[in-house]
Protein chains: 4
Amino acid sequence: MKAVVYHGARDFRYEDAADPALESPGDALVRVTRSAICGSDLHLWNGLPIPDRGFAVGHEFVGVVEAVGAGVQSVRRGDRVFASCTLGCGTCESCRRGLMSGCAVTTAGGTRNNVFGFSAAYAGGQAEAVRVPFADANLFPIPEALSDEQALFLTDILPTADMACELAAVEPGDRVVVIGSGPVGSLVQSCARVRGAARVIAVDLDDARLLRAQERGCEVVHPGRENLAERVLELSDGRGADAVIEAVGRPELVSAALGLLRAGGRLAVVGVLFAPVEIPWALVFMKNLTLRSGLVNPQRHVSRLIPLVEQGRLDPTELITHRLPLSEAAKGYEIFAERRDGVLKVVLQP
Amino acid sequence: MKAVVYHGARDFRYEDAADPALESPGDALVRVTRSAICGSDLHLWNGLPIPDRGFAVGHEFVGVVEAVGAGVQSVRRGDRVFASCTLGCGTCESCRRGLMSGCAVTTAGGTRNNVFGFSAAYAGGQAEAVRVPFADANLFPIPEALSDEQALFLTDILPTADMACELAAVEPGDRVVVIGSGPVGSLVQSCARVRGAARVIAVDLDDARLLRAQERGCEVVHPGRENLAERVLELSDGRGADAVIEAVGRPELVSAALGLLRAGGRLAVVGVLFAPVEIPWALVFMKNLTLRSGLVNPQRHVSRLIPLVEQGRLDPTELITHRLPLSEAAKGYEIFAERRDGVLKVVLQP
Amino acid sequence: MKAVVYHGARDFRYEDAADPALESPGDALVRVTRSAICGSDLHLWNGLPIPDRGFAVGHEFVGVVEAVGAGVQSVRRGDRVFASCTLGCGTCESCRRGLMSGCAVTTAGGTRNNVFGFSAAYAGGQAEAVRVPFADANLFPIPEALSDEQALFLTDILPTADMACELAAVEPGDRVVVIGSGPVGSLVQSCARVRGAARVIAVDLDDARLLRAQERGCEVVHPGRENLAERVLELSDGRGADAVIEAVGRPELVSAALGLLRAGGRLAVVGVLFAPVEIPWALVFMKNLTLRSGLVNPQRHVSRLIPLVEQGRLDPTELITHRLPLSEAAKGYEIFAERRDGVLKVVLQP
Amino acid sequence: MKAVVYHGARDFRYEDAADPALESPGDALVRVTRSAICGSDLHLWNGLPIPDRGFAVGHEFVGVVEAVGAGVQSVRRGDRVFASCTLGCGTCESCRRGLMSGCAVTTAGGTRNNVFGFSAAYAGGQAEAVRVPFADANLFPIPEALSDEQALFLTDILPTADMACELAAVEPGDRVVVIGSGPVGSLVQSCARVRGAARVIAVDLDDARLLRAQERGCEVVHPGRENLAERVLELSDGRGADAVIEAVGRPELVSAALGLLRAGGRLAVVGVLFAPVEIPWALVFMKNLTLRSGLVNPQRHVSRLIPLVEQGRLDPTELITHRLPLSEAAKGYEIFAERRDGVLKVVLQP
């Protein structure tokens, strides 16, 4: 088959790769119909240090089941399916808690982590086909009412946005600040509105992204031109934000976010961030704050998100700015990495 | 002053009444600018047996503070205010829990209950002026951005609708059935949508009310013409409703509601209901159901509702169908009791 | 193999039965080492109308895995295991929510319900061996530190007791009334204490059971000799109970329980009860009460219960009053049904 | 009257001070019967920079009401009472949420914070008498069954310990690590056990404190002699702690605590800590962690703690190692600051 294969930073090649095969009774093979480039893929593109080479990248993909192992009970050949970006075994204690990101089985063995497309252990879905281990835990049928492109967002970033709202405990009536108006930040804005936020305040340095946020019903703040803390106070009757969601992944933005919160406020960080963060703890202490982050576990979110997408209350496909054949994946990465052409989401078609 | 005084069933008279006065340091006097007739007032109108006579009725009112006792700290003369329909002392253990409906102080002494306008102990607000005991607990300033008529809904039925969603644990993505599309049911529909319900299914026998529900974005079911249980299954992909809210107050509707729920579903009853209800317990047991009801405690809801009304995400004034001078209150009661002229909410102006 | 086979009310025969075999890749075969008679088995003993005949009864059992299908990943031959009394497929939407009792797969097909030992579909564990369908969802390894007899309580009644506390939202400092001091009621008492109840008030008509409750640290009330409602008020500083748990299964006790609760109180019913219940709704409404019930889903409880049993904070084996060979199961049923010899729990050994 | 008056670091003088008087209708005067020295008082003793001089210190005190303003409704002359260490107005939005630490009224005006005994605005209770503003919000009657010394712990550190468990979401069955076994840490150990922790792991460098922790039922670890992370894994079946509570207040301990948690774990910091903390964010992200801290709001905790102390399930007076006359307060501070004589809690008697 053809796949987008990792050979190092900025060296992703569309080339022949070994056809995936069933290796365990719990496996499924999926012929990919659509995949997408995620912000966290850019970390790999930009040189995240990892040991492996030669595997297919990509953790956002949908397709059709081609074959299943003897033990698979929830999907069968011919089903349209989407995958969870994070892989769990489905039966260890952590998976039973709904935390596949803490799965004892799939994180074992020295691989970087249990996400598709970051190591040879779990080859990714920017490929014509992909093996999905523990398919009962990691594959989901696509309801008839949903298109492949809608389902593509259920693999990662729409659940991530919903998780962000859950981590930040967004409640009806809240004033919510969303830092970053890229693909994840944009969906966080939509999810916060769906959950009843009275005001969603979008923060970004890119005017085009702010304009789109405004069209989604957000108040917008450009921190290069306005004093963010003052604007948040104004927009919250002088109280401060009930919740702040950081969707960029920069240490200094996490620290600054704490200053925007009211007493009892909650900060969720869904920007990908591995660096240490210096936290002004006096604020956490004096204002009774909560800080949370995490890898997404899509299976906790999809049963609520599917009806919202079906009913049109959430429309993640509004983010798709580019559609390219899979063979031009590298071009898609360049566009996304350099933020060209108002890019928000690049979809790849095998 | 003039007031709408209770003399028995269907005998509410606009007449002279003693001017209210400060009786305790915690009291406030409020000059009423608007009051409204509530569905629960109809119980009084229709002959709810109570011992007292000669008191002003009405528990939904807003106005301007005319005087406060020495102990009042949260409002002052001249403030525009709305009152909580349910009276608490604010400092007993139950009030500290946010359950003013269980207040040890205001429910003592044999009065029917601790709601304005149901006894001589707490004369009501369908009057030119009213004494508000424990004003720090029971009066709230009206924010500048809100009109008196918007605030009028914060005294009871908008908090009741929000409580209904809380009791039924309405979550984003839920399919929610609302039985009854009167004033409370209509606001429950709106609150459920604001909280992210994927589908709100409105049930009523009145086509005009169903039409309005449809305009609010609801699916509608007329149980006289359609099989309700079947329609709910269809509208929930065969699963059953996540939550049902009964907003009528009939025992047989409560029993029937349990049949509409999926395993793990929740029923909230906000229709006023004092009669016994026969519960088909096998359903509660086999389907792991939850049943809840309660008197509203507006102070638990207003800090979230105010920003939602301010931002236009909730517009309760859409329900106002009639505005009458206070002197014509009895006529308002008749219209409302007989459901004339598409009535949903009657507002009275002193 | 030998098994305790259902032939009708009070007609359970120890006799030859077909050896169970693997039927699906997700199945496991378990050689039973201990099983127990549950209060809900008595319903079958006493004539619960069911269509099937000739199947092995019993849903509380532990044993050793003898064989697994190709798809089973969480247990293997030789593992000591306990089963969940309630069977789920593990992958449908309801199972993903943790509600195996609402499983779309195992409740399909007209069987009474998805519990072992109530139909031919899911033959029970009062047998030398048993087939466990969907073993990844329904079998759990027994930690080395736990004896078979300790694990036997994890199959049903200890999770049921923990669920009762969860349904009744038992919180630290609560005054909790437990109606019924049989096997489930006794464990509810212990679980409520472990969760920090300040007072557990045990109610029963059997003095021997009350004595044992007292030894567990409970206050005890014999409603034949004392006024229950008055005693509960006394023992809760005049407030009423925060939570009441009904562990008998009688409609009149459910109704009466509501009178014992404070405003905002919670009632959980874990007594098996299929009959309609007349609820004095005025209490539910005026006191903001919550009513819940349900079939247990052990997998939601075992990860918390195992460490508590390991550390000796819960000791369910204190309930074992009788140990009999499996061949004398019918005698065990008689003793339990007639409450002879201070019986609380009868354990059967193949 | 006599009081312990602040004149600077290590300069607390027992001397004449102006008698407190009622200043507002919401005030109460309390004649102090017992006060205690808190760990956070040591920050003042050790030179915390503050602008004021000449005020009485101390925020843990109980006494008898001597006089109340006209507006006070919940206590009266002669009542035995304890105070909340954190002062709220009781009626602003933040106080209504239960966050008196975020009170808009009592934190206004440039005082350091809204805790008794840290500024001239709210003189403290290491004095013969004290003015308690907003008495309805900040004073609580002592139930007859409780001694003054038991109630003394309800003013701050027992609620702080309970809050710690709440912030760390301690659940039945959890393995909980408590870093620091001083007064607050010791009560956290007890509260975690009361909430059903299966294992409480006490960490300290002081063997005498560890011995006392062991007597409370804790596992103990001396990190100078043992590898803490390895021990925590051993004591949690290789999983890591469900919750860690830092009760010392050192940045490096907060950072290190994150390494002890399982995926989905929660960290609460109740050690007083104003310095920045460097957080290894990769752990927070990859393990889905939660970090929380806060000033205590005793009124949220006392209704649950009082019955637990009454019933002997919590006995905070076990911590009292020293009782001194108020005139010897400075000596008490020295003993506590230098950790002499196995000191845990010093009680002062006017």
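Letters go in sequence order (proteins before strands), and every chain restarts at 1. Note that the structure is a prediction, hence the values are computed from the model and not measured.
One distance of note links CG of L295(A) with CZ of F285(D); it measures 4.5 Å at 0.5 Å rounding. Note: S293(A) OG to L283(D) CG = 11.0 Å, rounded to the nearest 0.5 Å. Going from atom CG of L167(D) over to atom OG1 of T290(A) covers 7.0 Å, rounded to the nearest 0.5 Å. Considering CD1 of I279(D) and CD of E278(A), their distance stands at 10.0 Å, rounded to 0.5 Å. For the atom pair CG (N114(D)) and CE (M286(A)), the distance works out to 7.5 Å, reported to the nearest 0.5 Å.
For chain A, the nearby part of R97(D) is the side chain; its heavy atoms alone come within less than 4.5 Å. At a 4.5 Å heavy-atom cutoff, the contact between R262(A) and chain D is made by side-chain atoms alone. At a 4.5 Å heavy-atom cutoff, the contact between L99(D) and chain A is made by side-chain atoms alone.
Note on V254(D), V272(D), V269(D): by heavy-atom pairs under 4.5 Å with chain A, the leading option is V269(D). The candidate from K287(D), R266(D), E93(D), M163(D) with the greatest count of non-hydrogen atom pairs under 4.5 Å with chain A is E93(D). If you tally non-hydrogen atom pairs under 4.5 Å between each of G102(A), A263(A), P276(A) and chain D, the highest count goes to P276(A).
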F274(D) vs W281(A), side chain to side chain contact (heavy atoms under 4.5 Å, CB included): CA-CA, chis, key distance, verdict: CA-CA 6 Å; F274(D) 294 105; W281(A) 199 263; over 6 Å; no

N288(D) vs N297(A), side chain to side chain contact (heavy atoms under 4.5 Å, CB included): CA-CA, chis, key distance, verdict: CA-CA 10 Å; N288(D) 295 52; N297(A) 297 283; 3.7 Å; yes

